[in-house]
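All ligand and atom numbering here is 1-based and tracks the order in the structure. Excluded from the calculations below are hydrogen atoms, water molecules and symmetry mates; all remaining heavy atoms, backbone and side chain alike, are included.
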Amino acid sequence: MRLFKTVAGLDTYLASVKENQTVGLVPTMGALHEGHISLIRRAMSEVDQVVVSIFVNPLQFSPEEDLAQYPRQLETDAQLCENLGVAAIFAPNPKEMGINNTSEATTQVIPPPKMIASLCGPFRPGHFQGVATIVTKLLNIVRPDVAYFGQKDAQQLAIIRQLVKDLNLPVVIKGCPIVREPSGLAYSSRNQYLTDTEKQEAIALYQGLQSAKQAFLAGERETQVLIAHVKEKLTPYSAISVQYIECVHPQTLQPLDIIAEAGLLAIAAYVGSTRLIDNMLLQVRKPIIAIDGPAGAGKSTVTRQVAKALNLTYLDTGAMYRGMAWLVLESGIPIEDESAIAELVSQGTLEFIPPQDHEPPQILINGENVTEAIRTPQVTALVSPISAYAAVRQKLVAYQQELGKLGGIVAEGRDIGTNVFPDADVKIFLTASVQERARRRLIDFHSQGEDKINLQQLERDIEQRDYQDSHRTLAPLRKASDAIELNTDGLTVEEVIQKIINICESSVIYGPIS
Ligand code: AMP
């Protein structure tokens, strides 16, 4: 592992590794704990090179806050990163980050006023401006493909997502779930300040949020009632002084009276003299089941049938890619002209109408029903090259995520559980050995009257395809860290479906389907 303190050093290093390698950035202020480690692990499983930045950003502390006291332990952090397999740490000092001691203002990035009018914004004037400025600088210095942030700092995450969108920064932002101690207390570098008694009392923050969640799951949608549930758990503790308890929209951060789709219930409180934050996402969403896995493991057959058995919608992503291929074919744009295709696709509208009664799903492109038209051999020939284009993938991933907001879907694809629905309720990685997949394909060929196929050749083809799929820069095949692997060797299709249904039904988060 390399440790760089200068932009020049890091830049030179990255130039040497970047070719054909994806880079992930995990920005931190150091004093690394399990929360940070989960971000690093997630990055390790999704990109080729992970850079962790460690920078206690003076711009995000106000004069009366704990900048000088904030824990700094670079050596321990570096050892931890090395053990985890991080490629490089970037640990600049304030001067290297362009922050000078004179109070001369540099260029700053100002988040939308509405996003800093709620939660921590009013209590920490200038904080999110400081965060937005430094994160923009870090993204420009590292130029990662993906950057990882914790849901623990939910307001920060929403502001960064907005910033990346508004400033057209070429990076994918991924939010990672809150990691908690066994007691429920969210890991935080500031937990080091707590005395034993305070640490014990601090658990009430989580208990309050949990109590609200229980009420929410029982059907309560009024935010004032949910907030009262949190308060009730905190009142017995004298060391806890609440700064705010609010429920806002998770993306816009606007205050909510009623949770219609999703709410972010967030709290900030002093426990003794330590300020802690915590939050919980409350989603009115039916489950999402994501099925990934290598080609030839039977994903599409199985996924359709699981959807049917569980009375959920099968999200036919394949038909959507066919729709895009049809659009390109109709336009007459040559397949090599990727930029013209990007423009065409980004302006087009796609509509997926889920299957109803015995009707198959319908696909509408720019208002025209193309359900039949996307099945021609000409379209089939174009699907693979078209889906390899980043703009096409981006368009469809955004659309699929939009459809996923209300849940109730089963979807399959190479990166469905890692990229499209990273917060799916159940993730299955459906796989089978190369030999088994080759054998199944041979049976298919025989049933089509093709007898001259060689089993060894099929095995080599499958191995090659696996290698290609897991090394793609765009949407590589990777098993999500929270996916359940299901090896289908020796199982019939019916047995596989039954196993998946059992997994879904035994999953704690998988609530009633209807
Ligand atoms: P910090 O070092 O506190 O600035 O945090 C660096 C990153 O780690 C931020 O994206 C945080 O949201 C994330 N993080 C901090 N604590 C946790 C936690 N308990 N669980 C998940 N992510 C966390």
**Prompt:** Which residue owns the protein heavy atom closest to atom 20 (N) of ligand 1, what's the atom, and how far is it?
**Reply:** Val179 N, 2.9 Å
**Request:** Could you give me the CA-CA distance, side-chain angles and deciding distance for Ile89 and Phe4, then say whether side chain to side chain contact (heavy atoms under 4.5 Å, CB included) is met?
**Result:** CA-CA 6 Å; Ile89 288 183; Phe4 296 101; over 6 Å; no
**Prompt:** Non-hydrogen atoms of His33 versus ligand 1: any pair closer than 4.0 Å?
**Reply:** yes
**Protein contact to atom 10 (O) of ligand 1 [nearest heavy atom, distance to 0.1 Å]** = Gly150 N, 2.8 Å
**Fill in**
Under 4.0 Å from one or more heavy atoms of Lys152, ligand 1 contributes atoms 16 (N), 17 (C), 18 (C), 23 (C)
**Item:** Salt bridge present between Arg478 and Asp292 (N-O < 4.0 angstrom)
**Value:** no
**Request:** Identify whether the distance between the nearest side-chain nitrogen and carboxylate oxygen of Asp415 and Arg393 falls below 4.0 Å.
**Result:** yes
**Item:** Region of Val26 that comes within reach of ligand 1 [heavy atoms, distance under 4.0 Å]
**Value:** neither
**Asked** Which residue supplies the protein heavy atom nearest to atom 18 (C) of ligand 1, what is that atom called, and how far is it?
**Response** Gly35 CA, 3.6 Å
**Request:** Please say whether Leu39 places an N or O atom under 3.5 Å from an N or O atom belonging to ligand 1.
**Result:** no
**Trace of the side chain to side chain donor-acceptor pair (under 3.5 Å) decision for Glu505 with Asn502** = CA-CA 5 Å; Glu505 287 180 344; Asn502 292 347; over 6 Å; no
**Region of Ala31 engaging ligand 1 - heavy atom pairs below 4.0 Å** = neither
**Prompt:** So which bit of Glu34 gets within less than 4.0 Å of ligand 1, heavy atoms only: side chain, backbone, both or neither?
**Reply:** neither
**Request:** Please step through side chain to side chain donor-acceptor pair (under 3.5 Å) for the pair Arg161 and Gln251, ending with a clear verdict.
**Result:** CA-CA 9 Å; Arg161 284 193 197 282; Gln251 274 113 41; over 6 Å; no
**ligand 1 to Phe149 polar contact by distance, N or O atoms, under 3.5 Å** = no
**Request:** Identify, for atom 6 (C) of ligand 1, the protein heavy atom at the shortest distance, and state residue, atom and that distance.
**Result:** Pro27 O, 3.3 Å
**Message:** Counting only nitrogen or oxygen atoms and a 3.5 angstrom limit, does Cys176 reach ligand 1?
**Reply:** no
**Asked** Is it the side chain, the backbone, both or neither of His36 that has a heavy atom closer than 4.0 Å to ligand 1?
**Response** side chain
**Asked** Going by distance only, is there an N or O of Ser38 that falls short of 3.5 Å from an N or O of ligand 1?
**Response** no
**Asked** What protein heavy atom sits nearest atom 4 (O) of ligand 1, and how far away is it?
**Response** Met29 CG, 3.5 Å
**Prompt:** What is the nearest protein non-hydrogen atom to atom 12 (O) of ligand 1, stated with its residue, atom name and distance?
**Reply:** Asp153 OD1, 2.6 Å
**Prompt:** Is any side-chain N of the basic residue among Lys199 and Glu181 closer than 4.0 Å to the acidic one's carboxylate O?
**Reply:** yes
**Request:** List every atom of ligand 1 that sits less than 4.0 Å from any heavy atom of Tyr187, numbering the atoms from 1 in the order shown and giving each element.
**Result:** 16 (N), 17 (C), 18 (C), 19 (N)
**Prompt:** Under 30°, 30 to 60°, or over 60°: which ring-plane class applies to His33 and His36, parallel, tilted or perpendicular?
**Reply:** tilted
**Asked** When you look at Arg72 and Asp77, which way does the salt bridge (Lys or Arg N to Asp or Glu O under 4.0 Å) test go after all the steps?
**Response** CA-CA 9 Å; Arg72 289 164 173 86; Asp77 289 348; over 6 Å; no
**Item:** Salt-bridge criterion met for Asp278 and Lys152 (N-O under 4.0 Å)
**Value:** no
**Request:** Cation-pi check, Arg221 to Phe216: give yes when NZ or CZ is under 6.0 Å from the six-membered ring centre and within 45° of the ring axis, no otherwise.
**Result:** yes
**Asked** For ligand 1, which atoms, with element, lie under 4.0 Å from some heavy atom of Ile178?
**Response** 20 (N), 21 (C)
**Asked** Where does Ser188 meet ligand 1, judged by heavy-atom distances below 4.0 Å: at the side chain, the backbone, both, or neither?
**Response** neither
**Request:** Go through Glu96 and Lys5 one step at a time and tell me if the salt bridge (Lys or Arg N to Asp or Glu O under 4.0 Å) criterion holds.
**Result:** CA-CA 8 Å; Glu96 185 67 15; Lys5 297 200 168 181; over 6 Å; no
**Message:** Could you identify the single nearest non-hydrogen protein atom to atom 21 (C) of ligand 1 and state the distance to 0.1 Å?
**Reply:** Pro177 O, 3.4 Å
**NZ/NE/NH1/NH2 to OD/OE distance under 4.0 Å, Lys174 and Glu46** = yes
